[in-house]
Amino acid sequence: SAVISQKPSRDICQRGTSLTIQCQVDSQVTMMFWYRQQPGQSLTLIATANQGSEATYESGFVIDKFPISRPNLTFSTLTVSNMSPEDSSIYLCSVEGGAGANVLTFGAGSRLTVL
Amino acid sequence: DQQVKQNSPSLSVQEGRISILNCDYTNSMFDYFLWYKKYPAEGPTFLISISSIKDKNEDGRFTVFLNKSAKHLSLHIVPSQPGDSAVYFCAARAGAQKLVFGQGTRLTINP
């Protein structure tokens with residue numbers, strides 16, 4: 001299965017600032033997925049990033065708040081803009097494949113704390 | 001609307017005994033179900049899955065049971081080992097739709 005590297009692994013941010021999370025995959029993939037896990041909550045899909053086109057955002061998530069780049073088939077970034085304490089979460093990058101086409105492989109996640 | 005629910009936030013089991021993690025869902029269109037395990041500071045890793053055409057799938061110490069009429073899914077781990085201590089997420093999808101996750105259950109195996 002694919003190996004996914006995410007950075008930063010964790011960060012403490014000030015309210016009102018923005019932070020960009022990077023996701024690198026060791027193989028070419030068509031779609032990359034960005035998830036959020038708020039404390040004690042389930043994993044929620046933010047958006048799907050396709051190379052060469054605009055990301056597709058889920059209900060409740062907008063491009064102005066979570067701009068995504070997908071410059072090539074192995075790399076994507078997610079920016080969390082104008083952060084507030086409510087954005088304190090683990091942000092996870094994932095791709096399909098691994099034990100089967102229906103299975104997602106995840107990166108280790110980026111734990112953001114907003115003060 | 002929480003389509004996949006794990007009503008037990010935590011579970012504590014004695015080493016060597018059976019661990020049973022439960023998951024309920026509301027969407028009757030779900031046709032594929034997965035369990036993920038997550039250790040601290042790591043991403044979730046795939047554990048086992050089951051298609052809606054089956055009611056049981058087994059892989060070593062892990063067995064997943066599906067009761068479609070009750071819209072209920074369970075993961076059995078036997079015998080439980082200390083390395084099984086982790087957060088377990090149930091997930092489901094309908095066809096090519098996105099995966100929907102439950103809130104997770106923290107399993108602690110006591111020596």
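Residue numbers start from 1 in every chain, and the chains themselves are labelled A, B, ... in the order their sequence lines are given, proteins ahead of strands. Quantities reported herein were computed from a predicted structural model and do not represent experimental measurements.
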Connected via hydrophobic side-chain network under 4.5 Å: A:I4 and A:I90:
no
Answer with yes or no whether the hydrophobic clustering places A:L78 together with A:L19; edges join I, L, V, M, F, W, Y residues whose side-chain heavy atoms lie under 4.5 Å apart.
yes
Does any backbone or side-chain atom of B:L34 lie under 4.5 Å from a heavy atom of chain A? Answer side chain, backbone, both or neither.
side chain
Is there a path of hydrophobic side-chain contacts, each under 4.5 Å between heavy atoms of I/L/V/M/F/W/Y residues, joining B:I20 to B:L66?
no
Flag yes if more than 12 heavy atoms outside B:Q97 fall under 6.0 Å of its CD atom; otherwise flag no.
no
Under 4.5 Å between side-chain heavy atoms, counting indirect links through other Ile/Leu/Val/Met/Phe/Trp/Tyr residues: same cluster for A:F61 and B:V100 or not?
no
Just to be sure I understand the criterion: a residue of residues 27-54 of chain A counts if one of its heavy atoms is under 4.5 Å from a heavy atom of chain B. Which ones qualify?
A:Y35, A:Q37, A:G40, A:Q41, A:S42, A:L43, A:L45
Nearest heavy-atom contact between B:P44 and A:L92 is CD-CD2, 3.9 Å
Identify whether the distance between the nearest side-chain nitrogen and carboxylate oxygen of B:E42 and A:R111 falls below 4.0 Å.
no
Shortest non-hydrogen contact from B:A41 toward A:A108
O-CB, 4.0 Å
Please check if A:V62 and A:M83 belong to a single hydrophobic cluster, counting links between Ile, Leu, Val, Met, Phe, Trp and Tyr side chain heavy atoms closer than 4.5 Å.
no
Quick one: side chain to side chain donor-acceptor pair (under 3.5 Å) partners of B:Q103, sequence neighbours excluded?
none
Just wondering, are more than 12 heavy atoms of other shown residues or ligands nearer than 6.0 Å to CZ in B:R17?
no
Is a side-chain donor or acceptor of B:Y36 paired with a backbone partner of A:L104 at a separation under 3.5 angstrom?
yes
Stepwise, does the salt bridge (charged side-chain N to carboxylate O under 4.0 Å, His left out) test hold for A:E96 with B:K98?
CA-CA 11 Å; A:E96 280 185 331; B:K98 66 179 182 180; over 6 Å; no
